[in-house]
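Everything numeric in this text was worked out from a predicted model, so none of it was measured.
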Amino acid sequence: MKDALHELLENALDRLRRDGVLGAPAPDFVIERTRSREHGDFACNVAMLLAKQAGKKPRDLATAIVAALPANPLVAKVEIAGPGFINFFLSDAAWHEEIRRVLREGAHYGHGKSGAGRAVGVEFVSANPTGPLHVGHARAAAIGDTLSRLFSATGWKVYREYYYNDAGAQIQNLALSVQARAKGIEPEDPRWPADGYRGDYIRDVAKEYVAGASIDAGGERITAKRDPDDLDAVRRFSVAWLRREQDADLRAFGVEFDVYFLESSLYTDAKVQQVVDRIGAEEHSYEADGALWLRATEFGDDKDRVMRKSDGTYTYFVPDVAYHLSKWERGYKRAITELGADHHGSLARVRAGLQALGIGIPKDWPEYVLHQMVTVVKGGAEVKISKRAGSYVTLRDLIDMAGLDATRYFLIARKSDSQLVFDIDLARAQTNDNPVYYVQYAHARVCSVQRQMHERSIVFEQRDALKHLDRLDSDHARDVMVEISRFPEIVEAAAENREPHLLAQYLRELAGAFHVWYNAEQFLVDDEAQRNARVALAYATRQVLANGLAMLGVSAPQTM
RNA sequence: GCGCCCGUAGCUCAAUCGGAUAGAGCAUCGGCCUUCUAAGCCGACGGUUGCUGGUUCGAUUCCAGUCGGGCGCGCCA
């Protein structure tokens, strides 16, 4: 709808340019939904933006623009208001046409083509395979997966990526911890490794290792050697065990990845070395204090960064750069890296490293989505999250307690860069405190109407209904139609701005408009044309709710 | 000390890349079920958008400063 108005306005502006009223440059004007119905359905600020350039008062210019607007059946009335807004009042036919479109396009309604089939890589979770996934990972998973679904819906070819840090010191700590457990050493024991992982799962890994268990993970089968002194074997088994664990949790959360990228492969394929060499060849590195440094300050970072430590090993960020280089080489026009705010420092570092390669990667590539901390509250008290200490709420815990739908909705429903309090008691409560039920209930209600029709042997004639949409003459029905028509705009905005919470919020508003209408009007009335029109709108509402919930990875139940 | 994020109703949060009279839910109070699911609806109450300036037709939004909270500032990841 916005697009149609945009075209009309461009038309009018062209005409004024030909008439010499306006100069050449086209400003970035905005067409937006109005807050109040007095201001029409859409408002445009173009006259206020162009007033200076045209040497006219905003309202006078607005008058000229309106006079130059081509006639269009979608527009019932145009007014000039306030400081110079051009307010569009759409005709009933415009809303009816949108309802027809919903029923025609079905599951595709709301999907767009702005991505034009280009490739976008979305990396998220990327947890170290050293422990079960916790609530922070859960938030990352919900955000990353919903973003991916939004990109798919806007015409992008999406690749979900998971980066496994399977090569660093933390993996060594994991192996040492499992080894210690396998030898019967407890965390309280003085012989326990200094940075060992103390969680109970370490005991489980050790038990299975000693028992000679087999693990299927990452497309290969690892069988335990049972010998605690073979640290390399312990390490391989432990990583496989945790990968399997994480994969299972993510699958239970409705999240699957297209690419699992192993940090270790960057070493075996010499990609890390190539990055260091390339940066050296570009003369963006230097040796000092026995280490090799990146001149990160040349590329906007706070300070220069060590790439190769004096002990000859690389710091973690060099493989990070090599990994992102791989994304670039694989043709991602956009790359989104989703990570916790406590890692935001790596942003400048990775970008600096990519710049130092001197191969034309844009300065703001990759894009980032940072999510703030999640604190978990239960029974009014905070549950501490401490991965190293081994005591924390896991993704699996959340799913078990609150269910898949509530957990996903909860974690997505607010802006990712604000802190989140996850109240376990609230999330598990099956009440409308939890907005996901409110939205799902609206969907279930339409299904219930359909069941009623079946029971009463009422036949819905869609073709007839679409001829009688003018029978939807109440303000409540109109509000529902207006809400429905916002869906494509919301999907586009949520994807483009990387703000999936917009969709969660929108669905609540759509459900709200529906519930109000539902309470105000009986759908299944005797008047056939009236009934068909209302059922058509109810079906359209259900379709949009279902499409939106699918983008959130939340189910759309037929009954509740 | 420096950098990033956040301060909006009693609580949890929105506010369409600067728009018109800042909106929902929860909580509190008062109404609505012989009618398609009351997991719903209607009404009331609730605000100097932390504070002070600046930019302009217009600022919750942008800028400067300030106060408060979180995170980061390793040859850890």
Quiz item: Salt bridge check: are A:E338 and A:R498 linked by an N-O gap of less than 4.0 Å?
Solution: no
Exercise. Could you please name the option among B:rC36, B:rC75, B:rG72 that lies closest to any side-chain atom of A:V306?
Key: B:rC75
Practice problem: Would you classify A:E521 as touching base, sugar-phosphate or nothing, given that sugar-phosphate means primed atoms plus P, OP1 and OP2, and contacts are heavy atoms under 4.0 Å? | Solution: base
Self-check item: Selected nucleotide, minimal atom distance to A:F85 side chain, candidates B:rC57, B:rA20, B:rA77
Solution: B:rA20
Quiz item: Is A:R486 salt-bridged to A:E483, cutoff N-O under 4.0 Å?
Solution: yes
Quiz item: A:D304 CG to B:rC2 P: how many Å, rounded?
Solution: 21 Å
Quiz item: Which is true for A:N45 with a 4.0 Å heavy-atom rule: it touches a base, it touches only sugar-phosphate, or it touches nothing?
Solution: base
Quiz item: B:rU16, B:rG19, B:rC75: which one has an atom nearest the side-chain heavy atoms of A:L49?
Solution: B:rG19
Exercise. Take the protein atom CG of A:D301 and the nucleotide atom P of B:rC73, then report the distance between them rounded to whole Å.
Key: 12 Å
Practice problem: Rounded off to whole Å, could you give me the CD-to-P distance for the A:E499 and B:rU16 pair? | Solution: 9 Å
Self-check item: P-based separation of B:rU8 from B:rU60 [nearest Å]
Solution: 15 Å
Practice problem: Ignoring the backbone of A:V516, work out which of B:rC42, B:rU16, B:rA39 is nearest its side chain. | Solution: B:rC42
Practice problem: Using a 4.0 Å heavy-atom cut-off across all strands, classify A:A444 as base, sugar-phosphate, or nothing. | Solution: base
Self-check item: Between B:rC76 (P) and A:Q172 (CD): distance, integer Å
Solution: 15 Å
Practice problem: Take atom OH of A:Y314 and atom P of B:rC75, then tell me their distance rounded to the nearest Å. | Solution: 17 Å
Practice problem: Consider the side chain of A:T34, meaning its heavy atoms from C-beta on, and name the nucleotide among B:rG19, B:rA15, B:rA20 that approaches it most closely. | Solution: B:rA20
Quiz prompt | Anti/syn call for B:rC6, syn if |chi| within 90° | solution = anti
Self-check item: G-U wobble or Watson-Crick pairing nucleotide for B:rC4 (cut-off 3.5 Å, both distances)
Solution: B:rG70
Quiz item: For the ring pair A:Y368 and A:H344, is the centre-to-centre distance below 6.0 Å?
Solution: no
Quiz item: Where the side chain of A:K415 is concerned, which of B:rA14, B:rC75, B:rC36 is the nearest nucleotide?
Solution: B:rA14
Quiz prompt | From B:rU35, B:rA14, B:rG40, nucleotide with atom closest to A:Q522 side chain | solution = B:rU35
Quiz item: With both distances kept under 3.5 Å, what pairs with B:rA9, Watson-Crick or G-U wobble?
Solution: none
Quiz item: Do A:K2 and A:E32 meet the salt-bridge criterion of a basic N to acidic O distance under 4.0 Å?
Solution: no
Quiz prompt | Distance, P atom - from B:rA20 to B:rU49, rounded to whole angstrom | solution = 14 Å
Practice problem: Evaluate the ring planes of A:Y162 and A:Y260, with Trp represented by its six-membered ring, and classify them as parallel (under 30°), tilted (30 to 60°) or perpendicular (over 60°). | Solution: tilted
Quiz item: What is the nucleic acid contact for A:R445, judged by heavy atoms within less than 4.0 Å: base, sugar-phosphate only, or nothing?
Solution: sugar-phosphate
Quiz item: Within the structure shown, what part of the strands sits under 4.0 Å from A:F317 by heavy-atom distance: base, sugar-phosphate, or nothing?
Solution: nothing
Exercise. Give the nucleotide from the list B:rC75, B:rG72, B:rA20 with an atom nearest to the side chain of A:R35.
Key: B:rA20
Quiz item: Which part of the nucleic acid, if any, lies within contact of A:P83, taking any heavy atom under 4.0 Å across all strands shown: a base, the sugar-phosphate backbone alone, or nothing?
Solution: base
Quiz item: Between A:V30 and A:W517, which is nearer to the 5' end of RNA chain B once each is assigned its nearest nucleotide?
Solution: A:V30
Quiz item: At under 4.0 Å between heavy atoms, what does A:A291 touch on the DNA or RNA strands: base, sugar-phosphate, or nothing?
Solution: base
Quiz item: A:T559 near the nucleic acid: base, sugar-phosphate alone, or nothing, with a heavy-atom cut-off under 4.0 Å?
Solution: base
Quiz item: Can you tell me how far P of B:rC26 sits from CZ of A:R508, to the nearest Å?
Solution: 7 Å
Quiz prompt | Gap between atoms CG and P, on A:L545 and B:rG40 respectively (whole Å) | solution = 15 Å
Quiz item: Stacking between A:H501 and the base of B:rA14 (centre distance under 5.5 Å, interplanar angle under 30°)?
Solution: no
Quiz item: Taking any strand in view, what nucleotide pairs with B:rC29 in a Watson-Crick or G-U wobble way, both distances under 3.5 Å?
Solution: B:rG43
Quiz item: Does a salt bridge link A:D475 with A:R37, judged by any charged N lying under 4.0 Å from a carboxylate O?
Solution: yes
Practice problem: Indicate, with a heavy-atom threshold strictly under 4.0 Å, whether A:L502 touches base, sugar-phosphate, or nothing. | Solution: sugar-phosphate
Exercise. Give the nucleotide from the list B:rC4, B:rC36, B:rG70 with an atom nearest to the side chain of A:H344.
Key: B:rC4
Practice problem: Hunt down the Watson-Crick or G-U wobble partner of B:rC62, both distances under 3.5 Å, from any strand shown, or write none. | Solution: B:rG54
Quiz item: From B:rC75, B:rA14, B:rG40, pick the nucleotide closest to the side chain of A:N519?
Solution: B:rG40
Exercise. Answer with base, sugar-phosphate or nothing: what part of the nucleic acid does A:S418 contact at a heavy-atom distance below 4.0 Å?
Key: sugar-phosphate
Practice problem: For B:rC76, give its Watson-Crick or G-U wobble partner with both distances under 3.5 Å, or none. | Solution: none
Quiz prompt | Note: A:R351-A:D364 ion pair, threshold 4.0 Å (strictly below) | solution = no
Self-check item: A:R59 side chain near B:rC57 phosphate (N/O to OP1/OP2, under 4.0 Å)
Solution: no
Quiz item: Expressed in angstrom and rounded to an integer, what is the separation of A:D417 atom CG from B:rU8 atom C1'?
Solution: 15 Å
Practice problem: Would you indicate whether A:Q558, at its atom CD, is surrounded by more than 12 heavy atoms from other residues, nucleotides or ligands within a distance under 6.0 Å? | Solution: no
Self-check item: Along RNA chain B (nearest heavy atom to each residue), the more 5'-positioned of A:H476 and A:E489
Solution: A:E489
